[in-house]
Amino acid sequence: MNKISQLISLLGGTGAVAKELKIQPSAISNWKKLNKIPSSKHKAILELGSFLNINIENFLPAKKLRDFKFKILLIISGGVASYKSLEIIRLIKKTNINLDVVMTKSAQRFITPLLVTSLTEKKCYVDLFSVEDETKMNHISLARSPDIILVAPATANIMAKLANGLADDLASTILLASFSKIILAPSMNPVMWNNLATQENYKKLKDRGIKFIEPDTGDMACGESGAGRLPEPKLIVESILSDINKDQTLASQFKNVSILITAGPTIENIDPVRFVSNRSSGKQGFEIASELTKRGGKVTLITGPVNIPFPACENIIQVNTAHEMLDSVYKQLPADILICNAAVADWKLVPKTSSNKNFDLNNKIKKTNSSLLFETIKNPDILATIAKGNLRPKIVIGFSAETNNLKKNAYSKLISKNVDLIVANNVSNNKVFGEDYNKVCLIEKNNCEEWETQSKKSVAFNLVNKINNLLNNYNQRGINAK
Ligand code: CTP
């Protein structure tokens with residue numbers, strides 16, 4: 001299924017989308033065939049996604065700074081550093097970035113919305129339940145339209161609300177309803193900053209992919225000193241501008257690179273009712289597919305049956321068995337990169353009677369049979385087959401799920417399967433399957449990196465950086481050889 005077909009199916013199917021957009025179903029079928037939506041319809045599609053509460057931005061071409069006006073929403077929460085946000089506004093106003101501002105109730109004790117409006121020359125939003133605001137720019141539009149939401153200063157309170165999903169005012173509701181990149185610039189008393197509760201919230205938010213502009217250390221307005229001061233506005237704005245540039249560069253890092261990813265478990269039927277499979281959730285492979293798509297890669301995800309939402313990527317192929325997965329991988333070759341993350345069932349189990357006779361597999365095996373035996377038939381090793389074959393992609397990456405001798409076993413898979421990199425993890429005690437966190441070890445021929453425990457999203461981000469290095473080295477070797 002191509003990317004646009006996936007998107008239409010997420011939005012309710014051809015008929016439903018045609019009805020919502022008041023256009024002919026044949027036009028939608030054409031979009032699916034061409035794998036493209038005309039730019040005149042992007043806004044309507046985004047609005048439909050937003051109405052249905054589905055994040056569909058990754059399905060459409062990424063916004064480019066030069067094509068669109070970049071939008072930042074600044075949320076000012078209440079602390080002695082609130083006044084510094086006025087300088088942040090002044091500096092952002094000097095760029096061509098479109099800025100909106102939301103203030104919390106306590107921020108208004110330090111500076112007034114009128115002061116903010118006099119700088120932005122725009123309405124400053126303060127109230128979740130304003131009838132007037134809801135008709136013009138409701139809290140969902142405020143949450144969805146910016147490319148970046150910057151909270152500066154971010155108090156311990158607003159961090160705690162976001163970390164725990166509280167939405168009791170305009171600012172916290174926007175933060176919860178947003179798909180945008182969120183950047184927090186905390187500012188508070190040093191004891192509050194170092195409090196275990198704040199530090200746990202900080203870690204939680206960081207693990208979820210929220211970016212922080214770390215507080216400075218020094219003398220505070222309250223007379224104490226330590227970490228908790230809002231960095232200078234100039235540094236905050238510079239950091240954001242450099243982030244925007246970095247994101248734009250990353251968005252095309254894998255442009256024109258084709259990537260095949262296998263993910264999830266495979267299943268092998270025993271009879272029409274029963275099957276053997278494993279505990280793989282597909283989460284890590286889906287995060288990698290999503291990250292590579294964000295960076296401009298042409299990603300085909302070949303996945304076994306999973307119970308998690310599909311990531312946005314060019315192409316998704318659903319399979320059941322190891323043989324189907326291998327066939328699908330073959331059909332998608334050649335590709336530049338292969339990442340085998342799937343937990344492939346190593347054996348097919350063929351049921352046999354006690355006298356070694358086959359069952360009729362069209363029918364359910366009844367328990368009235370005196371005994372049931374299984375013959376095991378080895379499945380193909382997809383990773384090794386492709387990595388040793390004629391159509392080997394430039395970079396081949398495998399995973400290694402181990403319960404003991406992690407590095408030794410992973411290294412022997414690296415060599416025996418002829419791959420460039422093995423991402424190994426310890427799966428004993430159900431520590432990885434279905435979880436959101438992962439602790440991995442990266443094994444190469446002459447290198448071994450042990451990464452600290454981090455979210456699967458973060459593993460995907462760092463792994464994609466690593467893959468980028470491997471690809472650059474490969475391309476460099478090619479240039480040197482010429
Ligand atoms: N793999 C594969 N096809 C298989 C088995 C494994 O493509 N039939 C790939 C996996 O996707 C993974 C790597 O090989 O990238 C290692 O898989 P793993 O299950 O850890 O090890 P196995 O090779 O199956 O060996 P063992 O189960 O004995 O550890």
Side-chain angles (χ1 to χ4, degrees), residues 259-269 275-289 292 299-306 317-333 335 337-350 376-389 391-393 395-434 438-445 456 459-460 463-464 466-467 470:
I259 304 138
L260 274 180
I261 304 177
T262 70
T266 61
I267 60 173
E268 301 296 337
N269 287 341
F275 62 81
V276 277
S277 187
N278 58 65
R279 295 177 193 274
S280 169
S281 66
K283 280 184 184 174
Q284 187 63 80
F286 280 29
E287 289 291 359
I288 297 167
L292 280 161
V299 175
T300 295
L301 175 65
I302 301 171
T303 176
V306 292
I317 300 169
Q318 291 171 263
V319 297
N320 284 314
T321 67
H323 275 280
E324 285 171 14
M325 191 170 263
L326 178 64
D327 285 350
S328 297
V329 172
Y330 265 131
K331 280 190 189 133
Q332 297 302 317
L333 291 173
I337 301 175
L338 171 69
I339 303 170
C340 282
N341 173 250
V344 183
D346 289 320
W347 293 278
K348 222 193 300 287
L349 297 188
V350 183
T376 54
I377 300 182
K378 254 210 169 140
N379 271 328
D381 189 311
I382 301 167
L383 175 62
T385 309
I386 305 295
K388 292 178 184 174
L391 288 172
R392 186 191 197 277
I395 306 292
V396 177
I397 296 170
F399 276 68
S400 182
E402 305 296 337
T403 50
N404 56 344
N405 294 331
L406 181 84
K407 290 183 191 168
K408 191 167 161 265
N409 289 339
Y411 186 79
S412 70
K413 283 177 194 170
L414 178 90
I415 303 301
S416 68
K417 301 194 188 206
N418 188 33
V419 300
D420 301 293
L421 169 71
I422 287 275
V423 183
N425 53 11
N426 186 335
V427 293
S428 52
N429 306 325
N430 274 340
K431 273 194 301 208
V432 175
F433 294 123
N438 207 352
K439 176 159 177 47
V440 299
C441 193
L442 268 63
I443 313 272
E444 290 167 275
K445 249 189 200 145
K456 288 186 175 171
V459 169
L463 183 62
V464 169
K466 178 87 192 174
I467 297 171
L470 291 177

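When a ligand or atom number is given, it counts from 1 through the structure's own listing order. FYI, side chains are in, hydrogens and waters are out, and symmetry mates aren't considered; it's all heavy atoms of this structure. This chain uses plain numbering: 1 for the first residue, then up along the sequence.
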For each nitrogen or oxygen atom of ligand 1, which protein N/O atoms lie closer than 3.5 Å, and how far apart are they, rounded to 0.1 Å?
residue	atom	partner	partner atom	Å
ligand 1	3 (N)	Ile382	N	3.0
ligand 1	7 (O)	Ile382	N	3.4
ligand 1	7 (O)	Leu383	N	2.9
ligand 1	8 (N)	Pro380	O	2.9
ligand 1	11 (O)	Cys340	O	3.3
ligand 1	11 (O)	Ala342	O	2.7
ligand 1	14 (O)	Lys417	NZ	2.9
ligand 1	15 (O)	Cys340	O	2.6
ligand 1	15 (O)	Phe399	N	2.8
ligand 1	15 (O)	Phe399	O	3.2
ligand 1	20 (O)	Ala401	N	2.9
ligand 1	20 (O)	Lys413	NZ	2.9
ligand 1	21 (O)	Lys413	NZ	2.9
ligand 1	23 (O)	Lys417	NZ	2.5
ligand 1	24 (O)	Asp346	OD1	3.1
ligand 1	24 (O)	Asp346	OD2	3.1
ligand 1	27 (O)	Asp346	OD2	3.2
ligand 1	29 (O)	Lys413	NZ	2.9

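Just one residue in the list Ile386, Leu333, Ile337 forms a side chain to side chain contact (heavy atoms under 4.5 Å, CB included) with Leu260, and that residue is Leu333.
With sequence neighbours excluded, the residues forming a side chain to side chain contact (heavy atoms under 4.5 Å, CB included) with Ser277 are Pro265, Ile267, Phe275, listed by chain and number. Taking the side chain to side chain contact (heavy atoms under 4.5 Å, CB included) definition, one finds that Arg279 meets it with Asn430, Phe433, sequence neighbours left out.
The main-chain N or O of Lys456 is found under 3.5 Å from a side-chain atom of Gln284 such that the two form a donor-acceptor pair. A donor-acceptor pair is defined here as one N or O able to donate and one able to accept, closer than 3.5 Å; no such pair exists between the side chain of Gln332 and the backbone of Leu301.
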Check residues 398-405 and write down every donor-acceptor pair under 3.5 Å in which the side-chain atom is one partner and the other belongs to a residue at least two apart or another chain.
residue	atom	partner	partner atom	Å
Ser400	OG	Glu402	OE2	2.6
Ser400	OG	Lys413	NZ	3.3
Glu402	OE1	Asn409	ND2	3.2
Glu402	OE2	Lys413	NZ	2.5

